[in-house]
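To start, the structure under review is shown below, and the notes come after it.
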Amino acid sequence: MSNCIAANTELSRCFAASIRSSHDKPNTTTNIPLHKCATDRFSSRFPLLSATSDEVRPIRIRNNGRMLSMLKNASGGSSDGLTYKDAGVDIDAGSELVRRIAKMAPGIGGFGGLFPLGDSYLVAGTDGVGTKLKLAFETGIHDTIGIDLVAMSVNDIVTSGAKPLFFLDYFATSRLDVDLAEKVIKGIVDGCQQSDCALLGGETAEMPDFYAEGEYDLSGFAVGVVKKDSVIDGKNIVSGDVLIGLPSSGVHSNGFSLVRRVLARSGLSLKDQLPGESSTLGEALMAPTVIYVTQVLDIISKGGVKGIAHITGGGFTDNIPRVFPKGLGAVIDNDSWEIPPVFKWMQKAGRIEDGEMMRTFNMGIGMVLVVSQEASQRILDEIHGKYTAYRIGEVVKGEGVSYR
């Protein structure tokens, strides 16, 4: 890795071919200007909802023992349960900003931005890891946070059917700790290898007095490619199509403002054992985000995939409808997968309502594929023993997501 030190102490990193994965081969590249109006502008922690939607999507929860039933007061809110908004994150405000941006830059709203290039599209995405970084600082676990960073962007662009080509990162800190930064970047390299893409470069910014001592921030940027006739865009989704869910490793990289508020209320520390489990809370919460690229591209190759939703901020409630044509919604079968213990603990400790959980966290399903009814069982049979996947629900007429 070579570093060029600029006058403003920012370090521009150019990664040599020697650190590329073995599958990467030198290619002659042409600089293509990315179409900023088509990029996923507000992906950090907030869901990009349809730019034409001005309604609050309904959520209906039935208590079947799978999720805890929380008390509600007369106004419909929790008597003392925590919410994402209480923790400082207002999803509705984020959605409103996206609607306003859409008026200035029509075309945004997908998980990735598409730029036409010959018979293909370049698909671009950008994201960070949010306040999960706070837990990295507290636990000292820095070698996997880079995997989270890569995952958040490549998982977004693969929803269009795009194969990731390359990734770039931005690492900012007040005082550069070379050993710590090396651990973070090692995680980014690992994430790129899992995604089968090149770590093309990055930026290290050293900005005295801007961050607290020992802290840093991260951003990532991924670009992939898909043939125009192979784009997964959800336009052909119809009522009766099946939802297939791929399991998450835990909380992934969304909702940590609420996670930290729950942790504070519980009186437990990150070193304490997750109740009923062998791992500590720190280990459970810091589990790196699953990179779904290999699984998703393999499933797409089998045919019948019509739409894909990456379950990030906004949970099932806001992310699944993003891939539907107008007039369609989803019914989720709560009994179709096992909710991981970390979510059950958070809901109980924070007295969080079911609806708030489903709109904030992935609840154990990190990626949802919408497939034709005819192809659904064949796909599940073919991937059995290779990947874990669940039939978690179906597409129905009407809008929003309901649970049964």
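All residue numbers in this chain count up from 1 along the given sequence.
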Crowding at NZ, K228 (>12 non-hydrogen neighbours, <6.0 Å): yes
ring-ring contact (aromatic ring centres under 6.0 Å, His included): pairs with one or both residues in residues 200-233, sequence neighbours excluded: F137-Y216, H142-Y216, F171-Y216
4.5 Å side-chain heavy-atom contact, V370 and I308: no
Sub-4.5 Å side-chain heavy-atom contact between M367 and V296: yes
Only pairs under 3.5 Å count here: list side-chain donor-acceptor contacts from residues 239-247, not counting sequence neighbours, and write none if there are none.
{"unit_1": "D241", "atom_1": "OD1", "unit_2": "K306", "atom_2": "NZ", "d": "3.2"}
{"unit_1": "D241", "atom_1": "OD2", "unit_2": "V238", "atom_2": "N", "d": "2.9"}
{"unit_1": "D241", "atom_1": "OD2", "unit_2": "K306", "atom_2": "NZ", "d": "3.1"}

Set of residues satisfying side-chain hydrogen bond (donor to acceptor under 3.5 Å, both in side chains) with respect to D229, sequence neighbours excluded: none
S253 vs T289 side-chain heavy atoms within contact, under 4.5 Å: yes
Residues R100, E96; criterion salt bridge (Lys or Arg N to Asp or Glu O under 4.0 Å); working and verdict: CA-CA 6 Å; R100 294 186 187 188; E96 174 59 24; 2.9 Å; yes
Side-chain heavy atoms of F166 within contact of L168, under 4.5 Å: yes
Between Y403 and T317: side-chain donor-acceptor atoms closer than 3.5 Å: yes
Aromatic plane relationship, F343 with F361 - under 30° parallel, 30 to 60° tilted, over 60° perpendicular: tilted
Student check: side-chain heavy atoms of I145 and D148 closer than 4.5 Å: yes
